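Input: a single structure, listed below in C-alpha cells.
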Amino acid sequence: MTTTDLPAPTTSTIPGPATPYQDDIARYWDHEARPVNLRLGDVDGLYHHHYGIGDVDHAALGDPDDSEREKKVITELHRLESAQADLLLDHLGPIRPEDTLVDAGCGRGGSSVMAHQRFGCKVEGVTLSAKQAEFGNRRAKELGIEGSVRAQVCNMLDMPFATGSIAGSWNNESSMYVDLHDLFAEHSRVLAVGGRYVTITGCWNPAYGQPSKWVSQINAHFECNIHSRREYLRAMADNRLVPQAVIDLTPATLPYWELRATSSLVTGIEEAFISSYKDGSFQYVLIAADRV
C-alpha cells in the first residue's frame with residue numbers, strides 16, 4: 001500500500017451536524033478526554049472507545065500488594081478491549097487487501113488500525129467529532145499507514161461512499177446514538193451485495209418488559225438512546241441485512257466490568273453495567289449480517 005491510496009482528509013469542508021442532537025453528540029465527544037480511554041490506549045497505541053470481553057488473567061495482575069498492580073490492571077483491561085475488537089473483526093469474514101471497510105463511529109481509530117493490520121485493506125472511519133478524527137489521522141500517520149487508514153468527519157447516516165462500494169462495515173458500540181432504520185439503510189446502501197455488517201452493542205432485553213433504571217442511568221451518562229435487541233433484528237430485516245450470527249456476549253463482558261470497578265479508572269457508571277448485566281435487563285451482543 002502506498003500513502004496515496006486514500007485521498008487526504010480535508011478539514012475545510014467539515015459539514016455541520018444535521019440536527020441539534022447530532023450537534024450535542026459532536027460537542028460531547030469533542031470535549032471527552034476520559035482517562036479510561038486515553039490511559040488504556042497508551043498501553044500500546046491502540047485507542048478504543050468500547051469495552052472488553054474474556055476472562056481476566058489474574059496471574060498477570062500479580063499480588064494485590066504489588067506496587068505495579070494498577071499498571072498491570074490497566075494493561076489487562078486494554079487486552080480485554082482489544083480482544084473485543086478482534087472478535088468483531090473475526091466476524092467480517094474473508095476480506096481482501098483490495099477491499100475497503102467502513103468503521104462507523106470510529107472514535108480515535110483503534111479498531112480501524114487493527115482491521116488494516118489484519119487484512120491489509122483500506123479502512124475508512126467516520127465520526128461526528130473533529131477531535132476524534134484529528135487524533136485518529138495523526139495516529140495513522142505516526143504508524144505510517146495514513147494512505148490506508150483514514151478518519152473523516154461526517155454523519156454515519158449519510159456516508160460519502162458510493163453505493164455498493166464497501167466490502168464490510170461495522171458499528172462498535174456506536175449504534176445507540178442513531179435511529180436504527182436510518183443506520184441500517186445507509187449500511188445496506190454502501191455495502192456490496194454479499195458484504196458483511198457487524199455490530200457489537202449493549203441493548204436492553206425486551207423480555208425484561210421495558211428499559212430498567214440501570215439502562216436509563218447508562219443513557220443519561222453517555223447521552224445516548226439504547227435500543228432493544230428486538231429493534232436491531234427488525235431494522236436489519238427491513239434493510240436487506242440478514243443475520244448470520246447473534247451472540248450473547250454478556251457473560252464474557254462481566255469480567256471486564258468487575259475488574260474495571262476495582263481500578264483507578266472508575267467513572268461511576270460501573271454499577272449500572274454490572275447490575276443490569278446480572279439482572280438480565282441489559283445485554284451485550286454481537287450481530288453479524290450479510291447484505292442480500
Side-chain angles (χ1 to χ4, degrees), residues 1-11 13-15 46-50 85-129 132-175 178 182-200 236 239-242 244 287-292:
M1 292 270 173
T2 69
T3 55
T4 58
D5 288 337
L6 289 177
T10 56
T11 56
T13 58
I14 294 175
L46 289 171
Y47 292 86
H48 297 304
H49 282 271
H50 58 257
D86 270 326
L87 181 69
L88 186 153
L89 298 178
D90 288 344
H91 284 81
L92 282 175
I95 301 296
R96 303 167 301 175
E98 60 266 32
D99 289 333
T100 300
L101 303 176
V102 168
D103 182 354
C106 62
R108 291 184 173 93
S111 297
S112 296
V113 172
M114 290 178 66
H116 170 70
Q117 289 174 338
R118 178 185 292 207
F119 302 116
C121 64
K122 301 175 187 176
V123 185
E124 294 272 13
V126 299
T127 174
L128 286 174
S129 169
Q132 288 184 342
E134 179 185 11
F135 188 106
N137 287 327
R138 183 173 66 249
R139 186 71 191 114
K141 186 173 183 179
E142 291 168 353
L143 292 169
I145 57 174
E146 70 271 27
S148 299
V149 176
R150 174 177 68 171
Q152 57 184 308
V153 179
C154 71
N155 186 348
M156 66 174 124
L157 304 183
D158 184 20
M159 295 186 281
F161 311 122
T163 298
S165 64
I166 303 301
S169 62
W170 68 87
N171 285 97
N172 197 351
E173 296 184 20
S174 56
S175 56
V178 293
D182 292 343
L183 176 67
F184 294 150
E186 183 64 353
H187 278 286
S188 183
R189 182 189 70 79
V190 302
L191 281 169
V193 173
R196 172 67 58 86
Y197 170 78
V198 183
T199 186
I200 295 182
M236 285 183 179
N239 288 285
R240 304 181 67 86
L241 293 170
V242 178
Q244 305 299 309
I287 306 173
D290 286 347
R291 166 68 163 89
V292 298

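All figures in this text were calculated on a predicted structure; none of them were measured in a lab.
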Taking only residues two or more places apart in sequence, or in another chain, which ones meet Val178 in a side-chain contact (heavy atoms from CB on, under 4.5 Å)?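 Here the qualifying residues are Met156, Leu157, Leu183.
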Looking at residues at least two apart in the chain, or sitting in another chain, which of them share a side-chain contact (heavy atoms from CB on, under 4.5 Å) with Val292? Arg240, Val242
Under 3.5 Å side-chain donor-acceptor pair for Asp103 and Ser112: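 Their side chains do contain a donor-acceptor pair, which is all the 3.5 Å distance test asks for.
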Exercise: do Arg196 and His91 side chains pair donor with acceptor under 3.5 Å: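 No, no side-chain donor-acceptor contact under 3.5 Å.
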Identify the heavy atoms of [X] and [Y] that sit nearest to each other, and give their distance.
X	Y	value
Leu101	Cys121	CD1-SG, 3.6 Å
Leu46	Gly110	CD2-O, 3.8 Å
Glu146	Gly144	OE1-C, 3.4 Å
Phe161	Glu124	CZ-CB, 3.6 Å
Ala192	Gly164	CB-O, 3.5 Å
Val123	Ala115	CG2-CB, 4.0 Å

Is the side chain of Thr199 donor-acceptor paired with the backbone N or O of Asn171 at a distance under 3.5 Å, no angle test?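 Pair found, side chain donor or acceptor close to backbone of Asn171.
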Sub-3.5 Å donor-acceptor pair from the side chain of Asp99 to the main-chain atoms of Arg96, do we have one?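 Yes, Asp99 side chain to Arg96 backbone: donor-acceptor pair under 3.5 Å.
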Any chance you could measure [X], atom [atom1], to [Y], atom [atom2], to the nearest 0.5 Å?
X	Y	atom1	atom2	value
Gln152	Cys106	CD	SG	9.0 Å
Asn137	Gln132	CG	CD	11.5 Å
Ser111	Ile200	OG	CD1	8.5 Å
Arg108	Thr127	CZ	OG1	10.0 Å
Leu143	Gln117	CG	CD	7.0 Å
Met159	Ile166	CE	CD1	7.5 Å

Name all residues meeting the side-chain hydrogen bond (donor to acceptor under 3.5 Å, both in side chains) criterion together with His48; count only those two or more places apart in sequence or in a different chain, and write none if there are none. Ser82
Side-chain touch Ser169/Leu191, heavy atoms, less than 4.5 angstrom: yes
If the threshold is 4.0 Å, N to carboxylate O, is there a salt bridge linking Arg118 and Asp90?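 Looking at Asp90 together with Arg118, the answer is yes, because their closest N to O distance falls below 4.0 Å.
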What is the ring orientation for Phe135 with Tyr47, classed by angle as parallel under 30°, tilted 30 to 60°, or perpendicular over 60°? perpendicular
